[in-house]
Amino acid sequence: MLTPGIALELTFPVTETLTAKTVGSGTLDVLATPVMIARMEQAAWTAVAPSLSPEEGTVGTWMNVKHLSATPIGVEVTCRAELTEVDGRRLVFRVTAQDSQGLVGEGIHERVIVQNDRFLTKAQKKRNPK
């Protein structure tokens, strides 16, 4: 059962492949904002996955995040997601990222519970809308 308070943390080192310069979101060798956001999302869906049936998953629908501090290559970052609200299929998370010096990013993330097969079938219809 999904209840507020479910949380998960993911820790990873910033590597060259995760920098703004490499992913194309900037020119510097620091943690890329899209990577930070992706890891926040990963923490969120991973936190709730054990509470879902095998046929269910979640998809991100909204993200409002501030990237507050740069993290250079070699420093570890911990992204945390905590479920704060359950409204039917809609899930709301508080997400944060921290490195050894403090807060790197924070925000709110929403996901929706989906039936995986039905969701993929609907998405595939965009290939052949007839």
Side-chain angles (χ1 to χ4, degrees):
M1 174 155 200
L2 291 171
T3 57
I6 294 172
L8 188 120
E9 291 184 351
L10 296 173
T11 299
F12 62 96
V14 177
T15 62
E16 185 177 333
T17 60
L18 304 179
T19 65
K21 183 177 179 180
T22 300
V23 304
S25 65
T27 60
L28 302 177
D29 284 323
V30 295
L31 177 64
T33 301
V35 171
M36 179 187 75
I37 290 170
R39 294 297 171 99
M40 289 172 162
E41 281 197 276
Q42 182 182 11
W45 73 258
T46 304
V48 297
S51 299
L52 303 176
S53 75
E55 297 82 25
E56 293 178 316
T58 63
V59 294
T61 56
W62 187 73
M63 179 70 83
N64 186 1
V65 171
K66 294 179 184 180
H67 195 163
L68 303 168
S69 177
T71 305
I73 293 172
V75 174
E76 285 194 340
V77 174
T78 299
C79 288
R80 182 174 199 277
E82 180 179 348
L83 183 62
T84 60
E85 182 183 345
V86 178
D87 181 16
R89 297 182 320 128
R90 183 176 150 266
L91 309 174
V92 180
F93 298 84
R94 171 164 164 62
V95 291
T96 59
Q98 292 196 329
D99 64 20
S100 60
Q101 300 301 305
L103 193 62
V104 171
E106 64 180 347
I108 304 296
H109 175 45
E110 291 185 7
R111 300 186 73 76
V112 173
I113 299 170
V114 297
Q115 295 296 317
N116 292 330
D117 288 346
R118 196 163 53 191
F119 183 86
L120 289 173
T121 297
K122 185 176 178 181
Q124 291 299 326
K125 287 182 181 178
K126 290 186 174 185
R127 287 186 172 181
N128 186 6
K130 296 177 183 178

Visitor: For residues 24-39, run the donor-acceptor check on the side chains, cut-off 3.5 Å, and write out each pair with its distance to 0.1 Å, sequence neighbours left out.
Guide:
| from | atom 1 | to | atom 2 | distance (Å) |
| --- | --- | --- | --- | --- |
| Thr33 | OG1 | His67 | ND1 | 2.6 |

Visitor: Does the side chain of Ile113 reach to within under 4.5 Å of the side chain of Leu2, using non-hydrogen atoms?
Guide: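 A side-chain contact exists here, since the closest heavy-atom pair is under 4.5 Å.
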
Visitor: What salt bridge (charged side-chain N to carboxylate O under 4.0 Å, His left out) pairs are there with at least one residue in residues 43-67, not counting sequence neighbours?
Guide: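 Residue pairs passing salt bridge (charged side-chain N to carboxylate O under 4.0 Å, His left out), neighbours aside: none found.
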
Visitor: Using a cut-off of 6.0 Å, state whether more than 12 heavy atoms not belonging to Asp117 lie near its atom CG.
Guide: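 Not buried by this count: 12 neighbours or fewer within 6.0 Å.
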
Visitor: Measure across Ser69 and Leu103 and return the closest heavy-atom pair with its distance rounded to 0.1 Å.
Guide: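 Looking at all heavy atoms of both residues, the closest pair is CB-O, 3.6 Å.
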
Visitor: Find the distance between CG (Leu52) and CG (Leu91) and round it off to the nearest 0.5 Å.
Guide: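 Output value for this atom pair is 7.5 Å.
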
Visitor: For the atom pair CG (Asp99) and OG1 (Thr11), what is the distance rounded to the nearest 0.5 Å?
Guide: 11.5 Å

Visitor: Specify the closest pair of heavy atoms between Met1 and Ile6, including all atoms of both residues, with the distance to one decimal.
Guide: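 Result for this residue pair: O-CD1, 4.1 Å.
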
Visitor: Please list all pairs meeting side chain to side chain donor-acceptor pair (under 3.5 Å) that have one or both residues in residues 103-114, counting only residues at least two apart or in different chains.
Guide: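 Listed by first then second residue: Glu41-Arg111, Thr58-Arg111, Arg90-Glu110, His109-Arg111.
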
Visitor: Does Val95 share a hydrophobic cluster with Val104, counting links as ILVMFWY side-chain heavy atoms below 4.5 Å and allowing steps through other members?
Guide: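 The answer is yes; both residues are in one hydrophobic cluster.
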
Visitor: Test question: given the 4.5 Å side-chain rule for I, L, V, M, F, W and Y, name all other residues clustered with Leu10, or answer none.
Guide: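 When side chains under 4.5 Å apart are linked, the cluster holding Leu10 also contains Leu8.
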
Visitor: Testing the basics here: between Ala97 and Cys79, what is the closest heavy-atom pair and its distance to 0.1 Å?
Guide: CB-SG, 3.9 Å

Visitor: Going by side chain to side chain contact (heavy atoms under 4.5 Å, CB included), name the residues that satisfy it together with Ala7, two or more places apart in sequence or in a different chain.
Guide: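 Per chain and number, Ala7 pairs via side chain to side chain contact (heavy atoms under 4.5 Å, CB included) with Arg80, Glu82.
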
Visitor: Search all heavy atoms of Pro54 against all heavy atoms of Asn116 and return the closest pair with its distance.
Guide: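 Taking every non-hydrogen atom into account, O-ND2, 3.9 Å.
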
Visitor: If you group Ile, Leu, Val, Met, Phe, Trp and Tyr by side-chain heavy-atom gaps below 4.5 Å, do Val23 and Val14 land in one group?
Guide: yes

Visitor: Mind checking who shares a hydrophobic cluster with Trp62, ILVMFWY linked at side-chain heavy-atom distances under 4.5 Å?
Guide: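 Hydrophobic cluster check, Trp62: joined to Val92, Ile108.
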
Visitor: Which atom pair, heavy atoms only, marks the closest approach of Phe12 to Leu18?
Guide: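 Between these two residues, the closest heavy atoms are CD1-CD1, 3.8 Å.
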
Visitor: Taking Val77 as the starting point, is it possible to reach Val65 by hopping between hydrophobic residues whose side chains are less than 4.5 Å apart?
Guide: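 Same cluster: Val65 reaches Val77 through Ile, Leu, Val, Met, Phe, Trp or Tyr contacts under 4.5 Å.
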
Visitor: Does Thr46 reach the main-chain N or O of Ala43 with its side chain, forming a donor-acceptor pair under 3.5 Å?
Guide: no

Visitor: Please report the closest heavy-atom contact between Thr19 and Thr15, naming both atoms and the distance.
Guide: CG2-O, 3.4 Å

Visitor: Tell me whether Leu83 shares a hydrophobic cluster with Met63, the cluster being built from Ile, Leu, Val, Met, Phe, Trp, Tyr side chains joined at under 4.5 Å.
Guide: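 Same cluster: Leu83 reaches Met63 through Ile, Leu, Val, Met, Phe, Trp or Tyr contacts under 4.5 Å.
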
